[in-house]
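Here the structure comes first, spelled out in structure tokens, and everything after it is commentary.
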Amino acid sequence: MALLLAASGCASTDAQGGAGGEATGLADLRDGMVNAVDAPGDPRAGGVVSFGAYSEPTSLDPATTIAAVTTGGIEMVNIYDSLMRYDAEQQADVPQMAESLTPDDTFTTWTLTLRDGVTFSDGTPVDAAAVKASQERFGAANGPDAAVWNANVTGITTPNDQTVVYTLDHPWPLFSNTLTTGAGMIVAPAAGPPGDGFTPIGAGPFEFSAWAQGTSMELTARENYWGGAPHLDGLKIVYLPATEVGRQTFLNGGLDTILLREPVDITPVLSEGYPGYVAMTAISNTAIINAAPGEAGADPRVRKAVQLAVDPAAIAQRTYGDDAVAGSALFADYSRWHTDVAGPVADPDAARALVAQAKADGFDGNLVLDSGPGQSKQRQMLALEAQLEAVGFAVEARQQQTFPDHIRAIAQGDYDLAEWGINLREPDPYVKMVAAMHSGGKQTYGMYTSARMDELITTFQTADGDEAKLAAMADIQRQVNEDAPFLVMGFYPEYVAMQRNLHGVIGSSGTMLLFGDAWKG
């Protein structure tokens with residue numbers, strides 16, 4: 001591991017030749033680049049790459065915004081870069097803005113060595129003091145992933161300008177992955193505190209230029225980027241009214257890249273053989289259950305009835321006409337974290353009996369099902385409604401007009417069930433399990449949590465080696481089966497499709513892509 005983490009992080013997968021190979025259908029997809037296209041020659045200078053985003057971020061501050069492709073991750077990683085980067089081909093974290101990262105024998109002390117000469121876009125150095133200040137700012141901001149950082153990192157010291165030493169509360173063999181995301185995106189001292197006074201100043205290949213709210217954002221290439229001046233002049237992130245619009249725009253050549261998440265959008269693009277970067281996301285097609293006091297899901301019989309009422313394969317067939325991404329387990333067999341413990345099996349008779357028991361004790365049988373916008377979401381919502389009503393629930397299906405409206409309803413607890421994505425990722429699912437499944441998580445949104453699940457998540461974190469981690473994941477699956485905190489309907493492959501003339505793109509965690517070496521041929 002130490003040798004791997006010290007390896008150079010500068011090599012490009014060229015938006016081509018990654019771990020995913022060739023893919024013509026959903027079942028072919030795996031993490032990494034797919035449908036490689038050979039570059040026609042040496043990189044060419046100039047041009048702007050346009051990216052069709054899934055949603056518009058509320059902020060570009062990595063201390064307050066989840067660093068993932070769906071929530072502004074493309075924008076942030078190209079502004080700030082990251083200390084480490086997840087390499088899908090190696091299935092490992094490699095140095096990016098850092099030179100190396102090495103653990104001690106217990107995985108409780110990690111030493112980060114910085115590259116010489118790295119600067120922020122304002123010209124100030126990315127030294128150990130700046131890294132420490134940025135990460136202390138990250139922890140103090142109490143953002144979406146701060147709880148995980150604060151619960152594990154007990155000390156940050158800087159023996160010299162190029163060295164940062166982290167002391168952890170628990171062994172964490174996959175600690176390196178957290179430095180590929182928000183905590184590893186170093187914000188310049190001049191950026192200011194979180195909130196209205198924040199200015200996005202980072203050390204990435206591009207710098208913030210302009211933001212037309214609701215429409216687009218522009219980033220400009222940095223001549224003094226540590227990895228060399230980008231070939232491109234800039235990036236333009238386009239905020240689309242609907243994925244369907246963006247997909248058609250991409251197919252017509254109006255976008256250079258676009259994020260696609262649902263089978264109905266991915267399949268027609270894959271069938272044309274477009275190259276792209278893929279990140280498989282487990283339990284990304286779920287319905288979360290509100291178990292807050294006084295809510296229907298506070299009764300474990302109601303949660304279990306929801307879990308047993310729904311057949312994921314039937315839902316997928318009605319929604320997409322394809323059940324390749326359906327399943328009730330946390331991780332399907334594509335995943336390194338797949339175990340031999342199966343997810344729940346639909347049993348309408350058992351579900352009907354549980355609903356009747358709950359009604360006998362005063363439950364009125366009513367459930368509010370909240371959904372995001374889009375035709376496929378509407379089809380899935382109607383399919384869910386039918387299966388739930390078949391076991392005795394009375395469902396009020398409510399489709400929101402925009403994703404922000406859907407997110408707001410969930411954040412306010414204005415739902416009984418809500419279509420959602422928990423999104424456990426291959427490099428290290430621990431961080432998101434803490435956020436969405438742990439009693440101290442900030443993304444539980446009223447879901448049921450337990451002390452036992454907290455213990456199991458910590459066991460997974462501290463386990464050394466795949467065998468021990470798989471045993472812990474099997475126990476987590478058993479606990480999910482018992483507690484029914486949410487309904488698992490399947491997974492999504494996040495797929496950033498690219499035009500065939502785009503080369504030199506480098507992937508990382510959270511389906512984030514770096515365009516510092518990218519060029520258009």
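We're numbering straight along the sequence, starting at 1. Heavy atoms only: backbone and side chains are in, while hydrogens, waters and symmetry mates are out.
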Query raised in the report: Asp323 side chain to Ala326 main-chain N or O, any donor-acceptor pair under 3.5 Å?
Result: no

Query raised in the report: Can Asp483 and Gln479 be counted as having a side-chain donor-acceptor contact under 3.5 angstrom?
Result: yes

**Report entry** Salt-bridge present (Asp145, Lys432; N to O < 4.0 Å)
**Finding:** no

Query raised in the report: Which word best sums up how the rings of Phe460 and Trp337 line up, parallel for under 30°, tilted for 30 to 60°, or perpendicular for over 60°?
Result: perpendicular

Report task. Walk me through it: do Asp416 and Ile289 pass the test side chain to side chain contact (heavy atoms under 4.5 Å, CB included)? Result -> CA-CA 6 Å; Asp416 293 310; Ile289 304 171; over 6 Å; no

Requested in this report: Could you give me the CA-CA distance, side-chain angles and deciding distance for Thr511 and Tyr277, then say whether side chain to side chain contact (heavy atoms under 4.5 Å, CB included) is met?
Outcome: CA-CA 7 Å; Thr511 329; Tyr277 184 79; 4.1 Å; yes

**Report entry** Main-chain N/O of Leu174 paired with Asn177 side-chain donor or acceptor, under 3.5 Å
**Finding:** no

Requested in this report: Please step through ring pair (Phe, Tyr, Trp, His ring centres under 6.0 Å) for the pair Tyr445 and Tyr415, ending with a clear verdict.
Outcome: CA-CA 10 Å; Tyr445 306 119; Tyr415 76 97; 8.3 Å; no

Query raised in the report: Does a side chain donor of either Asp370 or Gln400 reach within less than 3.5 Å of an acceptor in the other side chain?
Result: yes

Requested in this report: Fit a plane to each ring of Trp211 and Tyr239, take the angle between them on a 0 to 90° scale, and name the class: parallel (under 30°), tilted (30 to 60°) or perpendicular (over 60°).
Outcome: tilted

Requested in this report: Kindly assign one of parallel, tilted or perpendicular to the pair Phe403 and Tyr54, based on the angle between their ring planes and the thresholds 30° and 60°.
Outcome: tilted

Query - Residues Asp61 and Arg137 bridged, charged N to O under 4.0 Å - result: yes

**Report entry** Salt-bridge criterion met for Asp414 and Arg398 (N-O under 4.0 Å)
**Finding:** yes

Query raised in the report: Counting only heavy atoms not in Asp196, do more than 12 fall under 6.0 Å of its CG?
Result: no

Query - Sidechain-backbone polar pair: Glu389 side chain, Val395 backbone, donor-acceptor under 3.5 Å - result: yes

Query raised in the report: Are there more than 12 heavy atoms of other residues, nucleotides or ligands under 6.0 Å from atom CD of Glu467?
Result: no

Query raised in the report: So Met76 and Thr65, side chain to side chain contact (heavy atoms under 4.5 Å, CB included) or not? Walk me through it.
Result: CA-CA 9 Å; Met76 292 194 297; Thr65 303; 3.9 Å; yes

Query raised in the report: Do Glu419 and Ser371 have side-chain atoms, one donor and one acceptor, less than 3.5 Å apart?
Result: yes

Query raised in the report: Ignoring hydrogens and geometry, is there a side-chain-to-backbone donor-acceptor pair from Ser508 to Tyr86 under 3.5 Å?
Result: yes

Query raised in the report: Between Asp466 and Lys469, is a salt bridge (Lys or Arg N to Asp or Glu O under 4.0 Å) present by the stated rule, with each step listed?
Result: CA-CA 5 Å; Asp466 281 355; Lys469 285 191 176 295; over 6 Å; no

Requested in this report: Apply the test side chain to side chain donor-acceptor pair (under 3.5 Å) to residues Asn285 and Gln380: give CA-CA distance (whole Å), side-chain angles for both, the deciding distance (0.1 Å), then the verdict.
Outcome: CA-CA 10 Å; Asn285 187 15; Gln380 179 165 280; 3.0 Å; yes

**Report entry** Asp81-Gln96 side chain donor-acceptor pair, cut-off 3.5 Å
**Finding:** yes

Query raised in the report: Is it true that Arg247 and Glu244 have a side-chain N and a carboxylate O under 4.0 angstrom from each other?
Result: no

Query raised in the report: Does His338 use its side chain to pair, donor to acceptor, with the backbone of Phe331 at less than 3.5 Å?
Result: yes

Report task. Determine, for Tyr495 and Arg261, whether the Lys NZ or Arg CZ falls below 6.0 Å from the six-membered ring centre while staying within 45 degrees of the axis. Result -> no

Requested in this report: Classify the side-chain pair Gln461/Asn152 by whether it contains a donor and acceptor separated by less than 3.5 Å.
Outcome: yes

**Report entry** Donor-acceptor pair, side chain of Asn35 and main chain of Tyr274, under 3.5 angstrom
**Finding:** yes

Query - Asp454 side-chain N/O to Ser439 backbone N/O, donor-acceptor pair under 3.5 Å - result: yes

Query raised in the report: Would you say Gln412's side chain and Ile407's backbone share a donor-acceptor pair under 3.5 angstrom?
Result: no

Query raised in the report: What is the ring orientation for Trp172 with Tyr430, classed by angle as parallel under 30°, tilted 30 to 60°, or perpendicular over 60°?
Result: perpendicular

Query - Note: Arg85-Asp87 ion pair, threshold 4.0 Å (strictly below) - result: yes

Requested in this report: Take the angle between the ring planes of Phe175 and Trp110 and call it parallel below 30°, perpendicular above 60°, tilted in between.
Outcome: tilted

Requested in this report: For the pair Lys304 (side chain) and Asn481 (backbone), establish whether a donor and an acceptor sit closer than 3.5 Å, ignoring hydrogens and angles.
Outcome: yes

Query raised in the report: Heavy-atom count around Gln375 CD within 6.0 Å, excluding the residue itself: above 12?
Result: no

